[in-house]
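Remember, it's 1-based here, ligands and their atoms both numbered in the order they're listed.
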Amino acid sequence: MNSFADIFELHSWDETKASIYAKTSRDVEQALSADKRTLEDFKALISPAAAPYLEQMAQISQRLTLKRFGKVIQMYVPLYLSNECNNICTYCGFSYDNKVKRKTLTPMEIMQEVAVIKDMGYDHVLLVTGEANQTVHVDYFKKVLDLIRPHFAQISMEVQPLDLEDYQQLTPYGLNTVLVYQETYHQEDYKKHHPKGKKSNFQYRLETPDRLGQAGIHKMGLGVLIGLEDWRTDSFFTALHLSYLEKKYWQSKYSLSFPRLRPFSGGLEPKVEMSDRELVQLICAYRLFNQEVELSISTRESPNFRNNIIKLGITAISAGSKTNPGGYSVERESLEQFEISDERSPRQIARVIAAQGYEAVWKDWDNSLAT
Ligand code: SF4
């Protein structure tokens, strides 16, 4: 097997979807009682048949998470460097066809944003850009990493997929984690949502985690954008992808996110709605399936939902996030990538975490450990 694409080809979307919806309460009970859960068990746990078992799933998820991660929640915050983008993505405020003012932060502006982020208490930052290869390229990333490395223990990146050599070049600059979401594993729908730009290459995106594994990245993040397609089927493919990567690139760590489509300027309505209960079901199913993976929740979700999910399997949470370049201090009113749902400050979130007997941790890795 050269890449995940070889495994992906063996799975039909329609057959996978049908097999998830055919799962019965017996399959769910079998999955709940298993010691080590298979991908078929995972299908049962995300199926409609598992809905009445949510309480039981939540209890097991909580126990497994406590055993592996303890009572800690990692804190992180995004730093949007640029909203320039050559891609058309139907669900994003930065899409090329969305007529908004474009901005890429200068080194001085980046440091202004960093000052605010440090003031909030953060030691872990997630760098985010659109895909504009003329301005936001590997040399730009190197400069940014050089600039901010002294200020953070952990630097993650969510930018366009890069070539293997690019990742190999960026790792010595302090890049620790790369997030690359497939958005949807439904190939036809993927084409509809990405009609223009490099992102329309489904295959290149699908094989990006392989390149990250080959580059020896410390941690990689996977996920889909929930709302584009049937979330159960997309989540099965995410779990399949994760299983493949963990076996092949066992030195790397993994995290999963489950962003639900949020309103944005010129917005797309979700094709498929996912209720809060269903999102809890998915989070618990991931935990029951995989005890090592980190599970991350962003400010896309409501305060009430985030308060209640802390104990159920989540290991990382963002707070105080701005989704526009310069949003913390430089240009507060510029267009956001999507609307934030939870506006509470990092300190407020840390207090919510503490009230539940957990500890907010502001870094879980120090790049000095890699040298
Ligand atoms: S999702 Fe990313 S690639 Fe697509 S338009 Fe938005 S910023 Fe650009």
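- Inspection of the environment of atom 4 (Fe) of ligand 1 yields the following protein N, O or S atoms under 2.8 Å: Cys89 SG.
- A donor-acceptor contact shorter than 3.5 Å is absent between the side chain of Asn86 and the backbone of Gly197.
- Residue pairs meeting the ring-ring contact (aromatic ring centres under 6.0 Å, His included) criterion with at least one partner in residues 308-328, sequence neighbours excluded, do not occur; the list is empty.
- Remark: side-chain polar atoms of Arg306 are not paired, donor with acceptor, to backbone N or O of Ile317 under 3.5 angstrom.
- Not one N or O on the side chain of Tyr91 forms a donor-acceptor pair closer than 3.5 Å with the backbone of Leu225.
- Judged by the 6.0 Å distance and 45° axis criteria, Lys17 is not positioned over the aromatic ring of Phe236.
- The 12-atom threshold is exceeded at NZ of Lys271, counting heavy atoms of other residues, nucleotides or ligands nearer than 6.0 Å.
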